[in-house]
2 protein chains.
Amino acid sequence: MSTATALSKTNPPVTCGECPIRHRAVCSGCDQDELAVLDGLKSYKTYAKGETIIWAENALTHLSTVVTGVASLNRTLEDGRCQIVGVLLPSDFIGRPGRSAVAHDVVAATEVTLCRFEKKIFEGLLAKSPAIMARLLSKTSDDLDAARDWMLLLGRKSAREKVAGFLSMLVRRAIQQNGMPAEDGATIALPLSRSDLANYIGLTLETTSRQFSQLKRDGVITLPSQRDVHIPNLANLFKEAAEPDRV
Amino acid sequence: MSTATALSKTNPPVTCGECPIRHRAVCSGCDQDELAVLDGLKSYKTYAKGETIIWAENALTHLSTVVTGVASLNRTLEDGRCQIVGVLLPSDFIGRPGRSAVAHDVVAATEVTLCRFEKKIFEGLLAKSPAIMARLLSKTSDDLDAARDWMLLLGRKSAREKVAGFLSMLVRRAIQQNGMPAEDGATIALPLSRSDLANYIGLTLETTSRQFSQLKRDGVITLPSQRDVHIPNLANLFKEAAEPDRV
DNA sequence: CGCACATTTGATCCTGGTCAAAAGGCGTGG
DNA sequence: CCACGCCTTTTGACCAGGATCAAATGTGCG
């Protein structure tokens with residue numbers, strides 16, 4: 001637990017121009033001059049799988065963007081019950097300007113590399129750059145829409161629909177970034193363990209596992225390996241998730 | 001259904017200076033000059049209880065703020081299952097700049113009066129006024145935090161905790177606006193029917209009603225009337241909701 | 001190869017859903 | 001002012017989906 005920070009390391013920085021998430025992150029609206037400024041202020045940090053990037057109680061020192069890897073936002077009750085309230089993929093933003101802390105832990109689900117700015121400095125940038133502020137507002141609104149979609153899943157869907165809904169969400173995000181797959185089907189890598197997955201969709205890990213087995217039995221999915229899922233027919237999956245067909 | 005708009009009416013406008021939500025709404029960071037501009041561009045509209053203010057499919061023509069009343073954001077599945085994904089109180093913002101539609105219906109839970117701007121015009125204001133943009137970002141972030149809190153309730157809490165959690169949320173919002181009640185207890189008016197309430201906390205209306213009865217039987221709450229709840233001991237309620245004591 | 005951990009599968013229990021009926025509130029019209 | 005009817009809320013009886021407890025199987029790593 002307390003040795004977690006020993007696992008982290010610092011990467012050599014690259015320039016914003018060659019950043020892989022350049023056109024999707026909070027900085028994507030910036031012009032060359034602004035990017036040059038950012039280049040001088042940013043720093044990278046890498047966290048090992050399982051490491052807690054931010055503790056809910058602790059003061060927020062940096063505002064960051066995920067460059068590579070996957071992180072989860074965990075909200076935990078005192079008796080140990082846990083709900084994952086968000087999953088961060090590359091280009092997603094971490095932290096809240098103007099607030100000294102966030103309401104949930106941020107945990108690395110895989111190895112994660114962040115592009116970080118000191119909080120005060122980033123707040124200064126925000127005040128000076130309408131482009132960054134506008135992009136952050138847009139991203140926050142996207143997160144809000146996603147959270148509300150998830151509320152529907154958590155509050156009203158059956159166990160099978162929840163698992164199918166989770167897979168649908170991953171597929172949609174993958175398609176959004178890589179474009180439509182050539183064939184009708186698709187294969188995706190699960191960024192989360194069964195246990196994390198259960199905490200994300202509001203089930204126990206046993207029920208989650210059972211639903212995977214049944215979806216496999218019913219031919220909705222195939223499991224090439226434990227962390228990969230193949231979906232032969234996307235429309236089918238969306239139907240199982242009680243979602244509209246549109247990608 | 002289609003006669004709903006016949007119920008709406010238009011109020012005479014008042015100046016922003018005397019607006020009851022002046023210091024909490026999206027315009028609260030504006031100076032006198034900016035307010036004068038807003039005064040000339042805004043319009044009011046009132047909706048009857050039960051009326052749908054915005055349909056999810058329809059194009060968004062205005063961006064608005066709730067001045068009086070309560071509205072709910074409803075996300076509905078094709079088979080009729082419904083989840084309320086947000087409750088709007090006075091000063092809350094409706095709509096999303098830069099998007100042509102919202103992902104949920106907006107329904108008046110009580111009579112609701114909105115302060116509205118035409119979408120294009122408001123987007124122009126946003127581009128010119130960093131104060132409005134900053135405030136909108138802050139409000140959107142608040143909404144996101146609230147949605148994530150609710151995900152924990154929907155995904156991980158028992159029926160009793162959900163009802164207690166709903167009441168706790170109302171109490172906290174009331175205290176935030178009116179300050180701490182003199183005595184230890186508090187009385188709040190429920191803005192939602194049992195059915196809406198059930199759709200908000202992810203239960204059936206029957207289970208919701210049963211939990212109310214049991215919380216009453218156990219002395220956690222009193223029901224002076226069907227739409228009022230008295231909480232003799234707030235700390236007690238928060239404990240039932242599995243939430244930290246802090247207000 | 002063996003160990004630790006993740007995942008699957010099985011058996012049983014319990015919370016909350018479903019279907020049904022009774023009770024309580026509220027507005028309208030006689 | 002009260003009676004009627006409609007709608008909301010409460011209560012009851014029973015059922016089922018998912019949780020819990022437990023054990024077996026699979027997987028990756030030293």
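Letters go in sequence order (proteins before strands), and every chain restarts at 1.
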Polar side chain donor-acceptor pair, B/Q177 to B/R24, under 3.5 angstrom: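 A pair is found: one side chain offers a donor N or O, the other an acceptor, under 3.5 Å apart.
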
Flag for A/N199-A/R81: side-chain donor and acceptor within less than 3.5 Å: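 No.
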
Distance check needed: [N] [atom2] versus [X] [atom1], whole Å only.
X	N	atom1	atom2	result
B/Q211	C/dG16	CD	P	6 Å
B/E206	D/dT8	CD	P	14 Å
A/K216	C/dT7	NZ	P	13 Å
A/E161	D/dG18	CD	C1'	14 Å
A/R210	D/dA22	CZ	C1'	11 Å
B/K157	C/dG16	NZ	C1'	18 Å
B/F212	D/dT11	CZ	C1'	16 Å
B/L205	C/dG17	CG	P	11 Å

Of the listed nucleotides [options], the one nearest the side chain of [X]:
X	options	answer
A/R227	D/dA19, D/dT11, C/dT7	C/dT7
B/T207	C/dG17, C/dT9, C/dT8	C/dG17
B/A159	C/dT9, C/dT8, C/dG16	C/dG16

Between [X] and [N], does any side-chain N or O lie under 4.0 Å from OP1 or OP2?
X	N	result
A/R194	C/dT8	yes
A/S158	D/dG17	no
B/S209	D/dT11	no
B/S193	D/dT8	no

Residue whose nearest DNA chain D nucleotide is more 5′ - A/S225 or A/R160: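 Here A/R160 is the residue nearer the 5' end.
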
B/T208 (side chain) donor-acceptor with B/T204 (main chain) under 3.5 angstrom: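 Side chain of B/T208 to backbone of B/T204: a pair is present.
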
Side chain to side chain donor-acceptor pair (under 3.5 Å) between B/S72 and B/N74, worked out: CA-CA 6 Å; B/S72 64; B/N74 295 15; 2.9 Å; yes

Contact nearer the 5' end of DNA chain C, comparing B/T208 with A/L192: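 The 5'-side residue here is A/L192.
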
Worked verdict on A/T140 versus B/T140 for side chain to side chain donor-acceptor pair (under 3.5 Å): CA-CA 7 Å; A/T140 305; B/T140 305; over 6 Å; no

Touch class at under 4.0 angstrom, heavy-atom based, for B/T204 against every strand present: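 Counting heavy atoms under 4.0 Å across all strands, the contact made by B/T204 includes a base.
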
